There are 2 protein chains.
Amino acid sequence: MNSPTVQIVDDDSAVRDALQWLLQSRRVASRTWESAEAFLDFVSPKLCGCLLLDVRMPGMSGIELFDRLRALKCRLPVIFLTGHGDVPMAVQALKDGAFDFIEKPYDDNALVDKVLAAIDHDTRRSAKDGSLLLLQQRLAQLTQREQEVMQLILAGKLNKVIADELNIAMRTVEVHRSHIFEKMQVRSAVELSQVLGVLGDTQDY
Amino acid sequence: MNSPTVQIVDDDSAVRDALQWLLQSRRVASRTWESAEAFLDFVSPKLCGCLLLDVRMPGMSGIELFDRLRALKCRLPVIFLTGHGDVPMAVQALKDGAFDFIEKPYDDNALVDKVLAAIDHDTRRSAKDGSLLLLQQRLAQLTQREQEVMQLILAGKLNKVIADELNIAMRTVEVHRSHIFEKMQVRSAVELSQVLGVLGDTQDY
DNA sequence: GTGCTATTTGCGGAAATCCACAATAGCCAG
DNA sequence: CTGGCTATTGTGGATTTCCGCAAATAGCAC
């Protein structure tokens, strides 16, 4: 969809311009916002790249915006910018999943490096999310009954046992079984268990 | 093995005593060290609990000790203590896997909470490591050939195909297969794939 | 050499899976 | 009401898995 872009949110136009100029000089696309509210109006799950976010702003603070974005499931990596060396805040932000926390004045090269790292991280995450989504779409194709049967298959139960537990004929289980394999695009219960295995560990940083 | 203990490393005896007294008053076991070197001599993989570590010390710094511990695969959660609000250092430490980063002067209750959280984290990690170790011990029981066969089973291949690829009789594959299930204490290829699935995601914080 | 383990193979049968062909029944949309 | 989807079941056969019984070869340790 979109190409990786750095979203810059800062109330100080001088900072916004400096950042945008810096990134532009390194061939990194960016877009600026003068308040958390303005960006929040624009935010969409399709965004990719990263977010350069000033902590202290009139109105909604960067930290507040960060919380809102998390609530909105926006997974954009966030790099905080702050002029006030606040260790507890930095620690909390990172523990809450912020990608980085930089003090102003910042070093140009260091900042660009961190931005590039964040973009790279987001690119990888998007790819992972993509295959995860594909998997979930396949899962969604399964009918209710098929999902029930699948659970029992993954529990390692024999068709005979599954038939018993669901009070249906073994033949019916066999039919469901083959439909499940077909829809999930696997050829055995082992493969099924493996492709579904990655669903458990959806972590970030 | 050991009961959870807080290892306190600080060159200032007043700080050491204050921390130990504080923890003792909350019924948390602790032990103190006056230098990174002293602790490093004592460290063992059996330790559990957490590490309260002063950043700035004569000789080896807390950060240096932290690096050494990581190299030694010591998984003890580390809470840094520092008197100098250094945001970049805190950020780097957390990104490197430190559990927390606290500024002096610290709030007693907040510090104890973080210590308890770290101990809790370590306890969970130990449990996870334990079952992981058990799994690896079982894996180690498999002979070379059995491991080869297991790989192919996990690739979803039929016994017939496995026999072809290894240039052995199908019956041999069947024997290996049953030995594998027996040693790994599972009753089907699906279960096998599931118990081995957790091996992929050995992460921390 | 003897004993132990790993690796290999064959035979034969019980049990389970996979599948094509065929059919019944309920529900919902056009 | 007719066509499509879902769920269900049956028959019968090909293929595969699982397993006990039996046994041969090779390497390694005591």
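Only a predicted model underlies this, so the values are computations on that prediction, with no experimental measurement involved. The chains referred to below are lettered A, B, ... by the order of the sequence lines, with proteins before strands, and numbering in each begins at 1.
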Under 4.0 Å between a side-chain N or O of B:T143 and OP1 or OP2 of C:dT5?
no
Derivation and outcome, salt bridge (Lys or Arg N to Asp or Glu O under 4.0 Å), residues A:D54 and A:K104
CA-CA 10 Å; A:D54 189 31; A:K104 289 188 263 191; 3.2 Å; yes
Within this structure, what is the CD-to-P distance between B:E182 and C:dA6, rounded to whole angstrom?
11 Å
Presence of A:T172 side-chain N/O under 4.0 Å of D:dT9 phosphate oxygens OP1/OP2
yes
Rounding to a whole Å, what distance do you find between B:L166:CG and C:dT9:C1'?
15 Å
Return no unless some side-chain N or O of B:N159 is found under 4.0 Å from OP1 or OP2 of D:dT17.
yes
Check whether B:E146 reaches the backbone of B:R177 with its side chain - one donor and one acceptor, N or O, closer than 3.5 Å.
no
Distance in angstrom units between B:E148 CD and C:dT7 C1', rounded
11 Å
Please determine, by modelled atom types, if A:R26 and A:N109 share a side-chain donor-acceptor pair under 3.5 angstrom.
yes
Could you go through the side chain to side chain contact (heavy atoms under 4.5 Å, CB included) check for B:M89 and B:V55 one step at a time?
CA-CA 10 Å; B:M89 182 180 286; B:V55 169; 3.3 Å; yes
Indicate whether OP1 or OP2 belonging to C:dA16 is found under 4.0 Å from a side-chain N or O atom of A:K160.
yes
How close or far is atom C1' of D:dG13 from atom CD of A:E174, stated in whole angstroms?
12 Å
Just the rounded figure in Å: distance from C1' of C:dT5 to CD of B:Q141.
14 Å
When you get a sec, tell me which of C:dG10, D:dT8, D:dG10 is the closest nucleotide to the side chain of B:R171?
C:dG10
So, is B:H179 close to the C:dT7 phosphate, meaning a side-chain N or O under 4.0 Å from OP1 or OP2?
no
Under 4.0 Å between a side-chain N or O of B:R177 and OP1 or OP2 of D:dC18?
yes
When rounded to whole Å, the NE2 to C1' distance for the pair B:H176 and C:dA6 reads 8 Å
How is B:R145 classified with respect to the nucleic acid when contacts are heavy atoms under 4.0 Å: base, sugar-phosphate, or nothing?
sugar-phosphate
Spacing between A:E191 atom CD and C:dC18 atom P, to the nearest angstrom:
12 Å
Specify the residue among A:S188 and B:A169 whose closest nucleotide of DNA chain C lies further upstream toward the 5′ end.
B:A169
Taking the cut-offs as 6.0 angstrom to the six-membered ring centre and 45 degrees off its axis, would you call A:R31 and A:F42 a cation-pi pair?
yes
Rounded to the nearest Å, what distance is computed from the CD atom of residue A:Q144 to the P atom of nucleotide D:dA7?
8 Å
